Amino acid sequence: MGEQQVRLVLLAGGQGKQMWPLSHAKRAKQLLPLLTGEEGARQSLLQRLWSQLGKIGMQQDTFIAISRHQVETVRNQMEGSLNVIREPEARGMYPAVALAAAYLYSVASIPLYQTVAVMPSDLYLEDEEWLEALRELPEQFRKHGLSLVQTSDGSGIVAFQLGTVISCLQQEGLPLQYEQLYRCYEELHTSLAGVIAQLVEGCPTFKMPELPFYHINSWGALHTALPDNNPIYNDSAVPIVLKGLNDITVAMSSAGILVAARGAIQSEMELQGFRSEEPLFLSGYEEGSWGYATVMNSTTTSAEGQQTVTRKLTVTAGKELAYELYLKRKKIWTVLTGEGEAVLNEERRVIRAGDVIEIAPRVKHTIRAFSHLSIIEVQIGSELMENDRIILADNWEDLLLDYAAI
């Protein structure tokens with residue numbers, strides 16, 4: 001048996017429902033820029049946790065389990081090489097544990113005797129020393145003859161020898177190969193949840209260091225953990241000015257505006273009536289390796305059933321949007337500032353401030369920025385849903401390779 005070490009899995013793939021109006025399917029709470037970093041810039045819970053893992057040398061052994069809708073946001077926020085485990089959909093902790101185990105076993109080729117610790121990424125830790133205790137798990141397993149434990153302090157960490165979960169899945173006749181389990185995830189997530197819950201229920205517990213930590217899973221929890229945090233969280237394209245008001249939280253996006261006394265909102269259930277199920281592309285704020293987008297306006301004409309969304313896109317110099325087409329919508333791009341190159345059905349043209357480009361349904365298109373590009377984008381159609389989008393190439397190199405005529 002080889003050297004024992006811990007592989008850490010950060011569960012970061014939430015459904016985006018707990019911190020309305022900022023969280024959504026493409027950006028769950030742990031990806032929101034809620035915190036103030038060391039240099040004064042906003043950062044997310046996941047960014048802070050990743051930085052702490054770097055300080056103690058654990059990044060290389062850490063995997064991030066994330067919904068497929070949020071992968072690009074994660075890669076844009078984090079520096080360096082990432083080990084990402086894609087989830088088809090966010091279905092809770094226990095199915096995610098099973099999927100992560102299958103990935104570590106069949107893709108990452110982690111030996112079955114190695115220790116895995118699965119940890120929620122909405123934890124706010126005041127000291128990275130807290131994480132150092134995870135390194136001791138393999139020795140504790142050996143010393144006490146254990147193969148599965150969970151924390152006793154409410155932090156939500158489950159640790160196991162990889163073979164324990166893989167054997168359990170095998171006994172239940174469930175797929176062990178990640179790709180197969182990924183394809184069947186929607187169908188099997190209930191069974192996976194039951195199998196892992198039964199495995200974890202009543203297992204031994206272990207104690208983490210008695211250092212402060214918080215689960216930031218609501219606006220109230222954020223206030224409790226960081227009472228001096230900046231109270232304004234703005235994902236819109238318009239400014240918010242707060243004068244003469246104390247102990248309140250203001251959060252604004254295209255989905256709505258929240259103004260509440262600090263600590264008044266303790267759970268997402270209190271906001272249930274205000275939250276609407278919106279199409280994925282309607283995210284008030286979206287970011288990726290290409291830059292970011294902010295929704296400025298969205299309307300629906302009830303008589304005609306036509307939807308319109310206006311977004312402001314900022315494309316970083318040297319970056320490009322995905323080469324894609326839409327089946328049931330048209331786009332209108334108006335270039336505000338910067339210079340770049342547009343591709344429409346393999347035809348290239350230079351674009352500058354003042355140019356207007358109309359893109360009909362089924363027209364393949366992308367933009368590459370020579371300098372920072374600022375664009376107003378209007379999308380118009382009858383079904384502005386994510387499944388209307390077909391991505392043909394994710395980056396410029398693939399585009400040039402696949403469409404040699406460009």
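Here the structure is a predicted model, which is why all the values come from computation and not from measurement.
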- Can you tell me how far the CG atom of Leu258 sits from the CH2 atom of Trp219, to the nearest 0.5 Å?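 Atom-to-atom, Leu258:CG and Trp219:CH2 are 7.0 Å apart.
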
- Gap between atom CD1 of Ile64 and atom OG of Ser121 - 0.5 Å precision: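 Interatomic distance, Ser121 OG to Ile64 CD1, rounded to 0.5 Å: 8.0 Å.
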
- Do the ring planes of Tyr103 and Tyr178 sit parallel (below 30°), tilted (30 to 60°) or perpendicular (above 60°)?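 Taking Tyr178 first and then Tyr103, their aromatic rings stand perpendicular (interplane angle over 60°).
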
- Where does the angle between the aromatic ring planes of Phe213 and Trp130 fall among parallel (under 30°), tilted (30 to 60°) and perpendicular (over 60°)?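 Phe213 vs Trp130 ring planes: tilted.
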
Quick one, [X] and [Y] - any side-chain contact, counting heavy atoms below 4.5 Å?
X      : Y      : result
Leu134 : Ile157 : yes
Arg27  : Gln70  : no
Leu174 : Leu192 : yes
Pro21  : Ser253 : yes
Ile367 : Ile351 : yes
Val84  : Arg75  : yes
Leu181 : Leu188 : yes
Leu104 : Val9   : yes

- Query: Hey, mind stepping through Ile359 and Ile332 against side-chain contact (heavy atoms from CB on, under 4.5 Å) and telling me if it holds?
  - Reply: CA-CA 6 Å; Ile359 305 163; Ile332 301 171; over 6 Å; no

- Tell me whether the guanidinium CZ or amine NZ of Arg91 lies under 6.0 angstrom from the six-membered ring centre of Tyr185 and within 45° of its axis.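 That pair does not qualify as a cation-pi contact.
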
- Query: Between Glu377 and Arg311, does at least one N-O distance fall below 4.0 Å, as a salt bridge requires?
  - Reply: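 Here Glu377 pairs with Arg311 in a salt bridge, since their nearest N and O are under 4.0 Å apart.
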
- Query: Under a 4.0 Å N-O cut-off, is there an ion pair linking Arg68 with Glu89?
  - Reply: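 Salt bridge flag = yes for Glu89 with Arg68.
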
Minimal non-hydrogen separation, [X] against [Y], with atom names:
X      : Y      : answer
Glu129 : Pro209 : O-CG, 4.5 Å
Glu126 : Tyr214 : OE2-CE1, 3.8 Å
Glu186 : His189 : O-ND1, 2.9 Å

- Message: Using side chain to side chain donor-acceptor pair (under 3.5 Å), reason through Trp333 and Glu358 one step at a time and then give a plain yes or no.
- Response: CA-CA 6 Å; Trp333 282 337; Glu358 185 167 331; over 6 Å; no

